[in-house]
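Every heavy atom of this structure was used, including side-chain atoms; hydrogens, water molecules and symmetry mates were not. Predicted model, so just to flag it, every value in this text is computed and none were measured. Here is the naming used below: chain letters follow the sequence lines, and residue numbers restart at 1 for every chain.
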Amino acid sequence: MYSLWLSWKHLVHKPAQLTLNLVLLALSTGLIAGVMIFNQMVTERLDRNLAGIDLVIGAKGSPLQLILAGMYHLDVPTGNISLQSAKPFLRAGHPLIERAVPLSLGDSYQGYRIVGTDSSFLQLYGLSISQGRANQSPMDILAGAGVARALNLKIGQTFQSVHGLDDNVDLEHADSPAFRITGILAPSGTVADQLLLTPLESVWMVHDHGDHPHDEGQTEADHEITTLLIQYKVRNHLTLNLPRNINDNTDLMAASPAMEMNRLYLLLGAGTDLLHMLAWIILVVSGLSIFVSMYSSLQARRYELALMRVMGSTPGGLFRLIIQEGFLLALGGGILGLFLAHAGIWAAGNFLEKEWHYAFDAWIFLPEEGWLFLGVLLFGILAALIPAWQSRKVDIAQTLVE
Amino acid sequence: MIHATGLSYQYPGGKLITFPDIHGESNDRLLILGESGTGKTTLLQLLSGLRQPKTGQVLIHGHDLQQVPRREQDQFRGRYIGMVFQTPHFLQALNVEENILLAQRLAGQPVDRQAIIRLLEQVGLSHRIHAFPRHCSQGEQQRLSLARALINKPDILLADEPTSALDDRHCQEVVGLLEAQTAAVRSTLIIVTHDQRIKDRIPHTITLKHHV
């Protein structure tokens, strides 16, 4: 304990050097951990929102955009499809399809997306009601837990929706019927937390009302939806060929979430790989910095070390003293770095929640962080190894007469 | 007590230096005089076990220094030998009290803060107890190094030119303290110096000659 205290004293005796080494270590550890946590969170979040969806069907365009808009509610939709063309997939007893969830997107309230759908949406994401009722009539809103909390929504509250997905009051459907909150969902950790659900008919009613001149004269047959989320009954050669059949033979586009997300991960991966590399470079620099500062201070401290030998310290005692300095540095830098990473994720999470309505829990610790921390400790000890070994070799008699 | 007999030392490529025998009982005071280059410091290092002699034997506290197992040599030195140098050095990261406490810890002795405070009072440094050594004056630093050398009540106190960096007043002060404090713990005091000012105060002297 005393020896550890001595090492600590030596470290704080040089505050500028200590700060530099701590900052470098914390930066590299923080970056590595941050990328790790961010990756994990995004992957986990995106995976959770897969919800067993095998296929997303919508208007032709970019498949990735379709997936992002239809499943993750991040991008704008590729366009609408006629309800008529979607009917075959919605038919009960389809040989391949277990469940098809129709979504109608396009309106929002204070930046939160209003999703026209039916009760199959609740089954798809395994959602349950925390307040109010699940059965809805047109213009009823079932609010996600996150939206309800953020906007402080209460049962019975009413509002006008806004056309488009941005919070733009100029596009308010002022003459349309008002929406009414009739239920609030329990938190699910899925994208549903950030959505306002309503029956498909509500969306049609808002747009039939006539504030969009081009929509005038719509009939039942002209009703549109945006996407269909499909779950297969089984996976076989028929389901394998289904997307290509749809893409080749209809005006619709079918995209496989698994495939598109893999492509997205590859794209994201290049960015995170770069950050990772940068973090490792900083880690090496911080190791060098620790090594150099210890090595140079060792020259200045030779007399002190010789003195300690005179007073009874063994060569092993000096070795330990310097190794401990590296260890303490790594301990401080590692803790600081992990804190930095989580604080960064927390800040980013706040931003993401505000911008994209995506919530992150920044204070969950991954097992990998433990390994990273151990690695950083080992690293500190390694950086101190050569200076520590040199300290054993100080010729006391020679040093004392210098 | 200390008995050194038949000591000689040879630096690599240098000529053989032989030293006169040295005997000191507890409470003895001994002055080793010599011009620079006569091997004063080398002798001190042989006596403290920092260098191994080519021939001869050093007995301290009844132990032959060379027979003390290597692993225990450092602890032995810390416990039974106190050393004072021409220019006092300290651990810069530690304050006055912590520097003395360090001597207790490194020698494997129990920590005794009362003893530290008493000793600092005796050398007139009790007001500097929380100061850092680099903020102390030359005279204060030498008195501090004296306190550090004495805290473990060593059998032998070896002082290497303890006064040559000090003015007359501080020189007398430090020698007076060396005598009084070693007497208080019944140590053998050996001062190696070429400082003529001390000669009158310590009658028992050995003079080292240049080797031709």
Side-chain angles (χ1 to χ4, degrees), chain A residues 1-19 21 293-294 296-322 324-326 328-329 332 384 387-388 391-402, chain B residues 9 11-12 36 39-52 69-95 98-109 111 132-134 145 148-149 151-152 154 158 160-161:
Chain A
M1 236 14 241
Y2 179 72
S3 164
L4 213 59
W5 177 82
L6 263 186
S7 300
W8 165 251
K9 274 283 184 184
H10 275 293
L11 282 178
V12 296
H13 182 57
K14 296 251 162 64
Q17 212 170 67
L18 175 68
T19 311
N21 285 331
S293 63
M294 280 197 173
S296 62
S297 78
L298 190 71
Q299 295 308 313
R301 269 169 65 191
R302 275 179 62 198
Y303 206 105
E304 292 193 3
L305 294 173
L307 207 62
M308 289 177 71
R309 288 289 308 280
V310 168
M311 290 193 282
S313 180
T314 57
L318 300 187
F319 182 82
R320 203 171 72 175
L321 194 71
I322 295 185
Q324 281 171 175
E325 284 181 32
L328 284 176
L329 264 178
S391 78
R392 291 176 61 101
K393 296 193 176 160
V394 171
D395 179 348
I396 2 175
Q398 192 54 45
T399 305
L400 288 175
V401 294
E402 272 164 15
Chain B
Y9 187 79
Y11 283 95
S36 50
K40 295 191 303 282
T41 298
T42 308
L43 175 59
L44 219 59
Q45 292 179 342
L46 292 177
L47 295 181
S48 58
L50 292 178
R51 284 187 197 281
Q52 302 300 318
R70 216 178 160 70
R71 276 181 300 121
E72 292 163 29
Q73 270 177 10
D74 294 304
Q75 283 263 307
F76 184 86
R77 181 169 48 240
R79 173 66 191 85
Y80 296 111
I81 305 171
M83 292 188 86
V84 174
F85 304 97
Q86 177 173 0
T87 350
H89 283 271
F90 305 94
L91 265 67
Q92 294 298 330
L94 305 184
N95 68 23
E98 291 161 349
N99 261 288
I100 298 186
L101 200 138
L102 177 76
Q104 282 184 332
R105 297 296 302 239
L106 291 183
Q109 296 298 105
V111 172
F132 281 89
R134 63 178 179 283
S145 76
R148 182 178 61 192
I151 190 63
N152 293 325
L158 301 171
D160 187 2
E161 304 272 14

query = Hey, mind stepping through A:S293 and A:N21 against side chain to side chain contact (heavy atoms under 4.5 Å, CB included) and telling me if it holds?
reply = CA-CA 9 Å; A:S293 63; A:N21 285 331; 3.1 Å; yes

message: I'd like to know whether B:Q92 forms a side chain to side chain contact (heavy atoms under 4.5 Å, CB included) with A:H10, so could you lay out the CA-CA distance, the side-chain angles of the two residues, the decisive distance to 0.1 Å, and finally the verdict.
response: CA-CA 8 Å; B:Q92 294 298 330; A:H10 275 293; over 6 Å; no

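- Only the side chain of B:Q45 has a heavy atom closer than 4.5 Å to any heavy atom of chain A.
- Residue pairs meeting the salt bridge (Lys or Arg N to Asp or Glu O under 4.0 Å) criterion with at least one member in residues 3-16 of chain A, sequence neighbours excluded: A:K9-B:E98.
- Both tests hold for B:R134 against B:F132: distance to the six-membered ring centre under 6.0 Å, angle to the ring axis within 45°.
- Taking non-hydrogen atoms and a 4.5 Å limit, the residue list of residues 298-307 of chain A in contact with chain B, ordered by number, reads A:Y303, A:E304, A:L307.
- Interface check for chain A: of the options B:Q75, B:Q73, B:R70, B:Q86, the most heavy-atom pairs under 4.5 Å are formed by B:Q75.
- Interatomic distance, CG of A:L11 versus CG of A:L6, reported as 11.0 Å (0.5 Å rounding).
- The candidate from B:L102, B:L106, B:T87 with the greatest count of non-hydrogen atom pairs under 4.5 Å with chain A is B:L106.
- For B:F90, the part sitting under 4.5 Å from any heavy atom of chain A is the backbone (N, CA, C, O) and nothing else.
- Crowding of B:R71 atom CZ: a count of heavy atoms from other residues, nucleotides or ligands under 6.0 Å not exceeding 12.
- Heavy atoms from other residues, nucleotides or ligands lying under 6.0 Å from CZ of A:R320 number 12 at most.
- Chosen from B:L94, B:I81, B:L44, the residue pairing most often with chain A at heavy-atom distances under 4.5 Å is B:L94.
- For A:W5, the part lying under 4.5 angstrom from a heavy atom of chain B is the side chain only.
- Every pair tested for salt bridge (Lys or Arg N to Asp or Glu O under 4.0 Å) that includes a residue from residues 83-92 of chain B fails, sequence neighbours excluded, so the list is empty.
- Rounding to the nearest 0.5 Å gives a distance of 7.0 Å between CD1 of A:I322 and CG of A:L318.
- The side-chain hydrogen bond (donor to acceptor under 3.5 Å, both in side chains) check on B:N99 picks up nothing, with sequence neighbours excluded.
- Interface residue B:R148: only side-chain heavy atoms are found under 4.5 Å from chain A.
- Residue contact with chain A, scored on non-hydrogen atoms closer than 4.5 Å, involves the backbone and the side chain of B:L91 alike.
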